[in-house]
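A quick write-up on the structure given underneath.
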Amino acid sequence: MTALLQADDVHVAYGRIEAVRGVSLSLQAGQIVTVIGPNGAGKTTLLAALMGLLPARGRIAYDGADLAGLDVEARVERGLCLVPERRELFTEMSVADNLVLGAYAHRRDRAGLRARLDEVYGLFPRLAERRGQSAGTLSGGERQMLALGRALMGRPRLLLLDEPSLGLAPLIVREIFRIITGLRATGVSILLVEQNARAALESADYGYVLETGQIGLHGPAGALLGDPRLSALYLGGETG
Amino acid sequence: MTAELALLLAQDGVANGAIYVLAALGIVLVFLVTRVVFVPFGDLIAYASLTLAALQEGRRPGIVWLVLLLAGLALLFELAGRQRKWGRALLAYGVLPCLPVAAAFLLAGRALPPLVEMALTIGLILPIAPLLYRIAFRPIADASVLVLLIVAVVLHFAISGIALMVFGPEGARPRLLTTASFEIGGLFFPGQMLLMLAASALATLLLALFFGFTLSGKALRATAVNRVGARLVGIRPGAAGATAFLLASALAAASGILIGPVTTLFYDSGFVIGLKAFVGAIIGGLVSYPGAVLGALFVGLLESFTAFWNSALKEVVVFAVLVPVLILRSALQRHGAEEEPEEDGL
Ligand SMILES: Nc1ncnc2c1ncn2[C@@H]1O[C@H](COP(=O)(O)OP(=O)(O)OP(=O)(O)O)[C@@H](O)[C@H]1O
Ligand SMILES: [Mg+2]
């Protein structure tokens with residue numbers, strides 16, 4: 001079985017400084033794979049490279065085909081969707097408009113749009129209540145839901161999530177993780193970047209630990225959770 | 001000043017303001033979507049007017065050479081730039097701009113119905129802004145606002161040079177679209193003035209509907225609000241930019257057709273019109289469409305009233321008012337960072 005996403009020896013540099021240095025990882029269809037690591041490890045940079053937002057050296061294959069030469073928009077059209085760390089919402093536009101634009105890559109399918117919109121509103125009833133409100137006036141948790149909802153409107157096959165729990169209250173974090181694991185059942189594969197290592201490993205199948213641009217440990221999520229080297233560093237007092 | 005005189009001046013000011021409204025909307029639209037201050041916008045207004053006049057006089061308008069030149073350059077850029085999608089490049093930059101040019105070669109010299117003359121004028125102006133975007137701005141889309149502005153200024157001088165060659169130094173004045181006139185409540189309204197007001201109001205309304213209710217319009221707004229977010233949902237900044245410039249062309253063509261019959265325009269008179277519209281747009285904040293409409297109307301009124309007191313000073317006052325307005329704006333502005341559209345690349 002070929003992997004849905006296969007990255008081999010990926011390097012990403014900001015000018016002369018390499019932020020990602022020879023990262024290889026793979027993700028099978030239907031899996032949730034997590035990349036954990038401290039601040040500045042290069043997690044966001046790695047996702048940007050996978051998405052095509054930053055130029056990268058090395059090979060990135062998605063669904064068996066090399067992604068080199070495909071721009072961001074072409075990757076979105078192929079079902080690769082990113083929920084970025086900074087969310088990048090259309091703040092001056094309504095919640096509904098943000099979601100409708102999320103389906104821009106599938107704009108010719110008008111009938112599908114309605115159904116998809118209802119699905120996302122079903123997943124996030126809070127967004128349905130606020131559909132007319134401008135995105136800039138949403139609370140942090142609601143913004144996170146909108147960012148996730150907008151990405152789902154793009155019918156992802158592989159969802160790249162950059163710290164979905166960032167800055168959220170524990171109750172909302174749990175809700176977000178519940179939704180993320182629920183997505184797998186609908187056939188979406190997920191690459192989950194998190195600092196909240198415990199929560200991420202508890203929902204993932206496989207984990208990679210990224211430190212200063214390089215993969216240190218990696219293995220099945222359960223094994224990593226019990227790994228003493230990891231618990232000392234990241235799982236310490238954290239409860240998620 | 002009597003009330004009657006004030007009304008008369010106001011009427012004149014609003015009519016001029018209506019043209020500035022169209023131009024200011026185009027300038028704001030292009031700026032929001034691409035961060036380009038499109039200095040040559042005013043030039044296109046003058047070219048539209050000169051083109052319409054040439055068609056009415058049975059001459060082949062010089063603009064055809066400008067369109068052909070720009071289309072050729074854009075095509076070269078496309079072919080040099082990428083290997084894929086040659087067919088689309090050929091269609092968008094080779095075939096489409098040449099259609100109105102071909103029509104101009106076929107039809108020029110014959111007596112044409114006014115509507116055909118106007119349609120042909122619009123057709124000839126439409127490709128210019130998108131072609132300029134493709135040639136000069138798209139390759140440096142991520143440059144700073146200042147660099148883009150400098151390029152826009154250079155572009156203005158470059159196409160002014162070409163315009164002098166293809167249009168010649170003579171001014172032209174197309175016929176009035178209508179010679180009818182109306183009297184309402186003691187005030188005398190020439191039909192042309194009403195047309196200017198109506199066209200301006202209609203364009204504003206259509207633009208509002210486009211942005212509010214169509215997916216393409218929302219995609220343009222999304223690009224203006226957050227370029228990275230727009231790319232992440234699959235909106236190509238290049239395509240959004242091309243659409244914005246196409247709309248700008250349409251607005252410039254409409255402005256030129258409307259203003260031409262009331263002012264003699266030369267190949268280089270568009271610049272000042274564009275500059276005044278720009279002042280209006282800045283008064284309105286440069287990032288707001290309603291602001292641009294109000295600012296442009298204000299400039300029209302200001303111009304008409306100062307022209308009454310001292311016609312030599314009318315330009316001076318319009319540009320001088322920019323200084324207190326900018327001081328006032330920066331004093332009132334507490335959220336300066338939000339005024340500029342997203343600039344960072346990631
Ligand atoms: N635009 C940039 N220019 C230069 N260096 C950058 C840029 N963006 C990130 N870096 C550097 O690259 C490294 C990796 O940053 P990155 O944002 O990928 O880390 P991260 O793992 O996502 O961290 P966090 O958990 O804080 O989000 C950091 O040292 C950072 O300073
Ligand atoms: Mg990060």
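The sequence lines fix the lettering, A, B, ..., with proteins before strands; numbering per chain opens at 1. What you see is a predicted model; the values in this text were computed from it and never measured.
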*For chain B, find which of Thr91(A), Leu89(A), Val100(A) contributes the most heavy-atom pairs closer than 4.5 angstrom.*
Leu89(A)
*Please check if the distance between the ring centroids of Tyr289(B) and Phe211(B) is under 6.0 Å.*
yes
*Please flag which part of Arg75(A) lies under 4.5 Å from any non-hydrogen atom of chain B: side chain, backbone, both or neither.*
neither
*Phe278(B) ring center within less than 6.0 Å of Phe41(B) ring center*: no
_Least distance between heavy atoms, Ile27(B) atom then Gly274(B) atom_ = CD1-O, 3.8 Å
*Determine, for Glu175(A) against Arg178(A), whether the closest basic-nitrogen to carboxylate-oxygen distance falls under 4.0 angstrom.*
yes
*Looking only at heavy atoms, which of residues 233-241 of chain B get nearer than 4.5 Å to chain A?*
Val233(B), Gly234(B), Ile235(B), Arg236(B), Pro237(B)
*Evaluate the salt bridge (charged side-chain N to carboxylate O under 4.0 Å, His left out) criterion for residues Asp109(A) and Arg155(A): first the C-alpha distance (whole Å), next the side-chain angles of each, then the deciding distance (0.1 Å), finally the verdict.*
CA-CA 12 Å; Asp109(A) 180 8; Arg155(A) 301 184 202 172; 2.8 Å; yes
Result block: side-chain N/O donor-acceptor pairs under 3.5 angstrom for residues 48-64 of chain A, not counting sequence neighbours:
| unit_1 | atom_1 | unit_2 | atom_2 | d |
| --- | --- | --- | --- | --- |
| Arg57(A) | NH2 | Glu18(A) | OE2 | 3.1 |
| Tyr62(A) | OH | Arg78(A) | O | 2.9 |
| Tyr62(A) | OH | Gly79(A) | O | 3.4 |
| Asp63(A) | OD2 | Arg157(A) | NH1 | 2.8 |

_When you compare the side chain of Pro127(B) with that of Leu131(B), does any pair of heavy atoms fall below 4.5 Å?_
yes
*asked:* Using a 4.5 angstrom heavy-atom cutoff, name the option from Cys81(A), Ala151(A), Gly102(A) with the most pairs to chain B.
replied: Gly102(A)
